There are 2 protein chains.
Amino acid sequence: MTQALKIRTLINRISRIDAADSWSDDLNPTQLAALSYLAQANRFSRAPSHVAAFLGTTRGTMSQTLKALARKDYVSELRTETDKRYMSYDLTVKGQAATKRSNPLEKALGTFNPATSDSLEHGLNIVLQTMLLVNNGRAFGQCIDCSYYQSGASKGYCALLSISLKPTETKQICHEQVPMQAGQST
Amino acid sequence: MTQALKIRTLINRISRIDAADSWSDDLNPTQLAALSYLAQANRFSRAPSHVAAFLGTTRGTMSQTLKALARKDYVSELRTETDKRYMSYDLTVKGQAATKRSNPLEKALGTFNPATSDSLEHGLNIVLQTMLLVNNGRAFGQCIDCSYYQSGASKGYCALLSISLKPTETKQICHEQVPMQAGQST
DNA sequence: TATCTTTAGTAGCGACTCGAAACTATTGCA
DNA sequence: TGCAATAGTTTCGAGTCGCTACTAAAGATA
């Protein structure tokens, strides 16, 4: 058994046990993952295609999941004005409350010392980036870590969309994000 | 966003992307995970309840998955002689071939330097052990790392079941495994 | 030994995931 | 203006998933 297979087995097993723990009354693990993504994404990144790309599934599958969430009043559907092909799925009050629930995996992680956590986060980030490279996947990072991000006097600016960003927006996920090279800075 | 949540999101996202990649003609990610477990488990640990406990699901759900695998000739069903309540699901030739297929996640992991891999494996192991502790879950480790394991002159011995172990068996997964404390040894 | 009690596997249920394919609406490009 | 690309949706069939209810076997207790 190679170390690569060991690590893959560990990641998948942890994720499955976490999924089993995260079932709630009327929210399954997939719905919760989609909801969690929407809670972190900025206003340009809440369409079915974005959630699908983030979680590595198809538009069709994610469309169904989002419709299920809308049916149960966790999200609201909104047709974008600028480009009428896009939908924006925004969290309702009920949806926001649901993302705040804690779970065994987070509790376990909370007991770790910072060095272990940092090393783990770093390792997993490398795994993800390497996989995305092979898959032609997008990073879905935060604006603050993006090549298009410019830090102004008091607030940030996105050079791709030519808009200024509110402080809270700079730490949201964007589907257009292009990770900065290490050491690079504006 | 806490670091714990970041790590959880990373683990789940990597697992989902890996799952999407691992679909094959007639084998879905869950079936592959079960098959992969069976390939590693020793002859006392191939029952539906063991696979269910390992992957954090219920006996009912796993029973269906194993029946699906049997229907497609990846595993064979065998009633245990000693305890007739137990089933043993053993891999067929077709099943063994299916576990040998590579995938993007393993390929990505293969490019890492040993230090990164070791650190990642170690971190994930701690996460899993901590979660299992909270969940009253079993470790499902190898015989060679078990408290009941005794290394003899040429072969190992299991002090729980009072049987001697073939060399290949000492590195298989056992559902009875009780991890040794660090530093402890026979 | 006779009777609980526990454990293992399973069938059936309803909601839903999942990839694939087919389809519509909108946008972009030549 | 026309055509290709993109976004969202629907439908299909197979299967996951927790849950409940059930049977059979093994253990424990009286």
Side-chain angles (χ1 to χ4, degrees), chain A residues 12 15-35 44-72 74-89 135 138 175-176, chain B residues 12 15-35 44-72 74-75 77-89 138 175-176:
Chain A
N12 285 146
S15 189
R16 273 179 190 278
I17 296 175
D18 177 54
D21 286 333
S22 75
W23 276 81
S24 72
D25 298 341
D26 58 350
L27 223 41
N28 68 40
T30 300
Q31 290 166 353
L32 200 62
L35 205 60
F44 309 111
S45 311
R46 295 181 198 142
S49 55
H50 303 144
V51 194
F54 182 80
L55 294 174
T57 184
T58 61
R59 296 200 315 277
T61 297
M62 191 43 65
S63 180
Q64 296 175 73
T65 297
L66 294 174
K67 292 282 174 199
L69 283 171
R71 212 161 46 233
K72 292 187 279 191
Y74 286 96
V75 295
S76 62
E77 291 176 299
L78 189 69
R79 183 68 65 174
T80 306
E81 274 306 301
T82 48
D83 188 332
K84 283 172 187 157
R85 285 173 303 181
Y86 283 89
M87 298 290 294
S88 187
Y89 281 87
N135 276 18
R138 286 170 280 173
H175 72 106
E176 302 270 26
Chain B
N12 285 147
S15 189
R16 274 179 189 280
I17 296 175
D18 177 53
D21 286 334
S22 75
W23 276 81
S24 71
D25 298 340
D26 58 350
L27 224 40
N28 67 39
T30 300
Q31 291 167 353
L32 201 61
L35 205 60
F44 309 110
S45 310
R46 296 181 197 142
S49 55
H50 303 143
V51 194
F54 181 80
L55 293 175
T57 185
T58 60
R59 296 200 316 277
T61 297
M62 191 44 64
S63 181
Q64 295 176 73
T65 297
L66 293 174
K67 291 283 175 197
L69 282 171
R71 213 161 44 233
K72 292 187 281 193
Y74 285 95
V75 296
E77 291 177 298
L78 189 70
R79 183 69 65 172
T80 306
E81 273 308 302
T82 50
D83 190 331
K84 283 173 186 158
R85 286 174 302 180
Y86 284 90
M87 298 288 297
S88 186
Y89 281 88
R138 286 170 281 173
H175 73 107
E176 302 269 27

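Being a predicted model, the structure only gives us computed values, none of them experimental. Just so we're on the same page: letters track the sequence lines, and every chain starts at 1.
Protein atom CG of A:N28 is 18 Å distant from nucleotide atom P of C:dG14, rounded to whole Å. If you take CE of B:M62 and C1' of C:dT10, they are 14 Å apart, rounded to a whole angstrom. Between the CZ atom of B:R138 and the C1' atom of C:dT7 there is a distance of 12 Å, rounded to whole Å. Rounded to an integer number of Å, the gap from B:R16 CZ to C:dC18 C1' is 11 Å. Taking atom CZ of residue A:R46 and atom P of nucleotide D:dG8, one finds them 14 Å apart after rounding to whole Å. Between A:L27 atom CG and D:dG18 atom P there is a gap of 14 Å when expressed in whole angstrom units.
For A:R46 against A:H50, the heavy-atom pair with the smallest separation is N-ND1, 3.6 Å.
Nearest-nucleotide mapping onto DNA chain C: of A:A68 and B:H50, the residue sitting toward the 5' end is B:H50.
Residue B:S63 has no polar side-chain atom (N or O) positioned under 4.0 Å from OP1 or OP2 of C:dA8.
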**Complete:** Under a 4.0 Å heavy-atom criterion, the protein footprint on nucleotides 19-29 of chain C, written with B, S and -, is B------BS--
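When distances run from any side-chain atom of B:Y86 to the nucleotides C:dT17, C:dG9, D:dG15, the shortest one goes to C:dG9. Of the candidates D:dG8, C:dT17, C:dG9, C:dT17 carries the atom nearest the A:T65 side chain, counting heavy atoms from C-beta on. The side chain of A:M87 sits closest to D:dG8 out of C:dT10, D:dT16, D:dG8.
In this model, no donor atom of one side chain and acceptor atom of the other lie less than 3.5 Å apart for A:Y74 and A:Q31.
Between the side chain of A:R79 and the backbone N or O of A:K84 there is at least one donor-acceptor pair closer than 3.5 Å. Counting only distance, with no hydrogens or angles, the side chain of A:S22 and the backbone of A:A19 share a donor-acceptor pair below 3.5 Å. In this structure, the side chain of B:K72 engages the main chain of B:D26 through a donor-acceptor pair within 3.5 Å.
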**Request:** Just do the salt bridge (Lys or Arg N to Asp or Glu O under 4.0 Å) check on A:E176 and A:R138 with the steps written out, would you?
**Result:** CA-CA 8 Å; A:E176 302 270 26; A:R138 286 170 280 173; 5.9 Å; no
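With a 4.5 Å cut-off on side-chain heavy atoms, A:L69 and A:L27 count as touching.
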